[in-house]
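Each ligand, and each atom within it, is numbered from 1 in the order the structure gives. This one's a predicted model, so the numbers in the text were calculated from it and none came from an experiment.
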Amino acid sequence: MKLISHPTQGAIKIAANALKDGYLVSFPTETVYGLGADATNEKAVGKIYVAKGRPKNHPVIVHISSINKLEDWARDIPAYAKKLGSAYWPGPMTLILKRNASAQDFITGGQESVGLRVPNQKVALSLTREFEKLGGFGIAAPSANRFGSVSPTTAQAVEEELGKFLGSEDLILDDGQCKIGVESSIIDCTQVNPVVLRPGAITKEMIEQITNLKVLLKADENKVRAPGLLDNHYAPKAKVILGLAAKPGEGFIALDQIPTPVGSIRLASPASIEEYAKGLYQALRMGDQLGLSQIYVVEPEGNGLAIAIRDRLTKASSGKRG
Ligand code: TXA
Ligand code: MG
């Protein structure tokens, strides 16, 4: 595995060629780092599953360079999905659409739908474009972490997570810390109304505003498989507990106006919801690096990104409060 810092256009071309040759390339997006492979190459996509230790029947998102490439992967695209793509792409939003023949079972986990996203990050976008210039269709990329673990928001975190599971020709493109820090909103667009399967920076209100449709939340809809919905996902090794009751020597994460319980180890003091999202996964990783057994986290209140943060924290803690 080779890590390339602040990749030049030349380095991005080399990475696109590596994808075309069937190797893995981890790349930054505005949400979290992805672990990419040629989405039409079954063997290459198979390497993602091995590196992540992920069960085979879980679908992966395909990253494309623009909304104009939607028809390469999807069919019967509803007008509201096109409106969403026009409004929020490139951006932190994944659309689930009916698949066409390009989206094979090894991408969709055997489902009749495919997840598509245009990332809003210069290295990621440039990689999708260079890959398409080589005749590539799209880059399959889940978050670049071991299955069930915390998504990486820096290249160093990718290296820690996956370094020993990557091959000598695989690459990590390092372009610093991800701007948003929690994974994209996933919107199921295979029904009459959009359904939010995973909350993110593109909120229910933002979707309603563009589509003029009633937007449902995933609780209303459980037919579609998504590993992010399993209990104990997005979790560090330390036990995550929701609440304030950190004892001496235990980790603590909360907004900056909340004081640190006596003797506990403050892992993050974000001043805003945006900072909270951006730094959360790094803070959880830091807890593991310090060998902490328990991390108490005070959830942020409110709408917007706070909903996404609470969603990930509920999963990281399996809902345990203390
Ligand atoms: O922000 C993100 O979305 C990041 C960056 C790298 O783009 N990617 C990401 O991928 O979080 P992943 O695989 O860790 O999470 C994607 C989620 C999974 O829970 C997967 O099951 C769901 O999207 N998904 C993908 N295709 C799907 C489909 N056809 N139907 C339902 N869920 C799907
Ligand atoms: Mg993931």
Note: Lys133-Glu130 ion pair, threshold 4.0 Å (strictly below):
yes

Using heavy-atom distances only, which candidate in Ser113, Ala141, Pro152 approaches atom 29 (N) of ligand 1 most closely?
Ser113

At less than 4.0 angstrom from any non-hydrogen atom of Gly34, what atoms of ligand 1 do you find?
6 (C)

Sub-4.0 Å heavy-atom approach of His58 to ligand 1:
no

Would you check if the side chain of Asp188 reaches a backbone N or O of Thr190 as a donor-acceptor pair within less than 3.5 Å?
yes

For Glu71, salt bridge (charged side-chain N to carboxylate O under 4.0 Å, His left out) partners two or more places apart
Lys82

Indicate whether any N or O donor in one side chain lies under 3.5 Å from an N or O acceptor in the other, for Ser184 and Thr31.
no

Pick from Ile96, Ile186, Asp188: the one approaching atom 22 (C) of ligand 1 most closely through a non-hydrogen atom
Ile186

So is there a nitrogen or oxygen of Arg198 less than 3.5 Å from a nitrogen or oxygen in ligand 1?
yes

Near Val32 (heavy-atom distance under 4.0 Å), the atoms of ligand 1 are 4 (C), 6 (C)

Hey, is the main chain of Gly302 close enough, under 3.5 Å, to the side chain of Arg310 for a donor-acceptor pair?
yes

Within a distance under 4.0 Å of any heavy atom of His63, pick out the atoms of ligand 1 and give their elements.
5 (C), 6 (C), 7 (O)

Compare Ala124, Gly115, Ser143 and give the one whose heavy atom is closest to atom 14 (O) of ligand 1.
Ser143

Close N or O approach (Arg54, ligand 1; < 3.5 Å):
yes

Answer yes when Arg99 and Asp105 have at least one side-chain N-carboxylate O distance shorter than 4.0 Å, and no when they do not.
yes

Would you check if the side chain of Lys52 reaches a backbone N or O of Ser143 as a donor-acceptor pair within less than 3.5 Å?
yes

Are any of the N/O atoms in Lys52 less than 3.5 Å from those in ligand 1?
no

Residue Lys239 excluded, over 12 heavy atoms near NZ under 6.0 Å
no

Just how far is it from atom CD1 of Ile48 to atom CG of Asp38, taken to the nearest 0.5 Å?
10.0 Å

Can you name the salt bridge (charged side-chain N to carboxylate O under 4.0 Å, His left out) partners of Arg321, sequence neighbours left out?
Glu299

Shortest non-hydrogen contact from Pro261 to Ala246?
CB-O, 3.5 Å

With sequence neighbours left out, the residues meeting ring-ring contact (aromatic ring centres under 6.0 Å, His included) with Phe27 are His63

Show me which atoms of ligand 1 lie under 4.0 Å from any heavy atom of Val114.
29 (N)

Does any N/O atom on Thr108 come nearer than 3.5 Å to any N/O atom on ligand 1?
no

How far does CZ of Phe165 sit from CG of Asp170, to the nearest 0.5 angstrom?
13.0 Å

Backbone or side chain, does any N or O of Ser184 fall under 3.5 Å from an N or O of ligand 1?
yes

Measure Gln111 to ligand 1 on non-hydrogen atoms and call it side chain, backbone, both or neither using the 4.0 Å cut-off.
side chain

Atoms listed for the Mg ion (ligand 2) (protein only, N, O or S, under 2.8 Å, no waters) are Ser143 OG

